[in-house]
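For clarity, every value in this text was computed on a predicted model and none was experimentally measured.
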Amino acid sequence: MNTYDTMLNKAVVIPSLKSEDIFGVIAELVDALVVAGTLPENKREEAKQAIVRREMSASTVMTDEIALPHGRTDVVDELVCAVGIHKEGFPADAPDGLPTKVVILMLVPPAAGSGYIIFLGNISRTLMDTAKRTAIIEAPDREHVLALLHQ
């Protein structure tokens, strides 16, 4: 299983999401995985549907401007991650009522075990630091976002 740092190093980062709802953001991030060559074009819809099914069963929108959409699917052989930042935020029915600004999307292979839960826990703890989360939201590019997440 990949470590936290390994996962982040492979992550696709979109520092300026445009979509205005969680499902649009999911599509935007999956599309970015395809463009980056991380996800095959012919697996795009299957990947989106895996994440949307999970999101429909239980929202992954959290407090503190964070969402962690993810889904198990055999379209990937290893954990795949995309990080999206929405500078203004979008409404996503967060428990605290705040707009969502940081989205960590993951595709999880069926045989991944619980490694992705560890990754989600680590990234959640990192993002709950208000100063760090604010810096990530304001970061201009992939390198800055990843440097802050690695700290």
Revision key, fill the gap. Minimal heavy-atom distance between P95 and V61, with the atoms involved, is CD-O, 3.8 Å
Check your understanding: Do L149 and I136 come within less than 4.5 Å of each other through their side chains, counting heavy atoms only?
Key -> yes
Review point. Are V80 and V25 connected, step by step, through hydrophobic side chains (Ile, Leu, Val, Met, Phe, Trp, Tyr) whose heavy atoms are closer than 4.5 Å?
Key: yes
Check your understanding: Would you say N42 has more than 12 foreign heavy atoms packed within less than 6.0 Å of its CG?
Key -> yes
Exercise for review: Might you point out which heavy atoms bring F90 and I22 nearest each other, and give the distance in Å?
Suggested key: CE1-N, 3.5 Å
Study note, to complete from the structure: CG (D129) and CD (Q151) are apart, to the nearest 0.5 Å, by 9.0 Å
Point to revise | Pairwise side-chain contact, H144 with D141, heavy-atom cut-off 4.5 Å (strictly under) | key: yes
Check your understanding: From S59 OG over to L68 CG, what is the distance, rounded to the nearest 0.5 angstrom?
Key -> 10.0 Å
Check your understanding: Can you list the steps and then say if M128 with R125 is a side chain to side chain contact (heavy atoms under 4.5 Å, CB included)?
Key -> CA-CA 5 Å; M128 296 233 179; R125 279 189 294 283; 5.8 Å; no
Study note, to complete from the structure: V103 and T100 have their tightest heavy-atom pair at CG2-CG2, 4.0 Å
**Study point:** Test side chain to side chain contact (heavy atoms under 4.5 Å, CB included) applied to R54 and I51, step by step
**Key:** CA-CA 5 Å; R54 169 61 179 87; I51 296 168; 5.7 Å; no
Practice item. Give a yes or no on whether the backbone of H150 and the side-chain of D5 come within a donor-acceptor separation of less than 3.5 Å. Key: no
Check your understanding: With a 4.5 Å heavy-atom cut-off, do F119 and L8 have their side chains touching?
Key -> yes
Practice item. Drop me the distance from L29's CG to L39's CG, to the nearest 0.5 angstrom. Key: 12.0 Å
Exercise for review: Using the rule that two of Ile, Leu, Val, Met, Phe, Trp, Tyr join whenever any of their side-chain heavy atoms come within less than 4.5 Å, decide whether I104 and L17 are in one cluster.
Suggested key: no
**Study point:** Which atom of P110 lies closest to which atom of R72, heavy atoms considered
**Key:** O-NH1, 3.1 Å
Practice item. Indicate the atoms forming the closest heavy-atom contact of P91 with E20, along with that distance. Key: CD-O, 3.9 Å
Exercise for review: Indicate the atoms forming the closest heavy-atom contact of I66 with R133, along with that distance.
Suggested key: CG1-CD, 4.0 Å
Check your understanding: Just how far is it from atom CD of E78 to atom NZ of K10, taken to the nearest 0.5 Å?
Key -> 3.5 Å
Review point. When clusters are formed by joining ILVMFWY residues with side-chain heavy atoms under 4.5 Å apart, either directly or through shared neighbours, do L105 and I123 land in the same one?
Key: no
Check your understanding: Are V34 and V76 grouped together when hydrophobic residues (ILVMFWY) are joined by side-chain heavy atoms under 4.5 angstrom apart?
Key -> yes
**Study point:** T134 OG1 to K101 NZ distance, which is reported to the nearest 0.5 Å
**Key:** 7.5 Å
Exercise for review: Please test I85 against V102 for side chain to side chain contact (heavy atoms under 4.5 Å, CB included), starting from the C-alpha separation and ending with a verdict.
Suggested key: CA-CA 5 Å; I85 309 300; V102 180; 4.2 Å; yes
**Study point:** In one Ile/Leu/Val/Met/Phe/Trp/Tyr side-chain cluster, 4.5 Å: L33, F23
**Key:** yes
Review point. Within a strict 4.5 Å, meaning less than it, do heavy atoms of the E65 and H86 side chains meet?
Key: no
Exercise for review: Give, for atom CG of L107 and atom CD of E46, the distance between the pair rounded to the nearest 0.5 Å.
Suggested key: 10.0 Å
Practice item. Look at atom CG of D96 and say whether more than 12 heavy atoms of other residues, nucleotides or ligands are closer to it than 6.0 Å. Key: yes
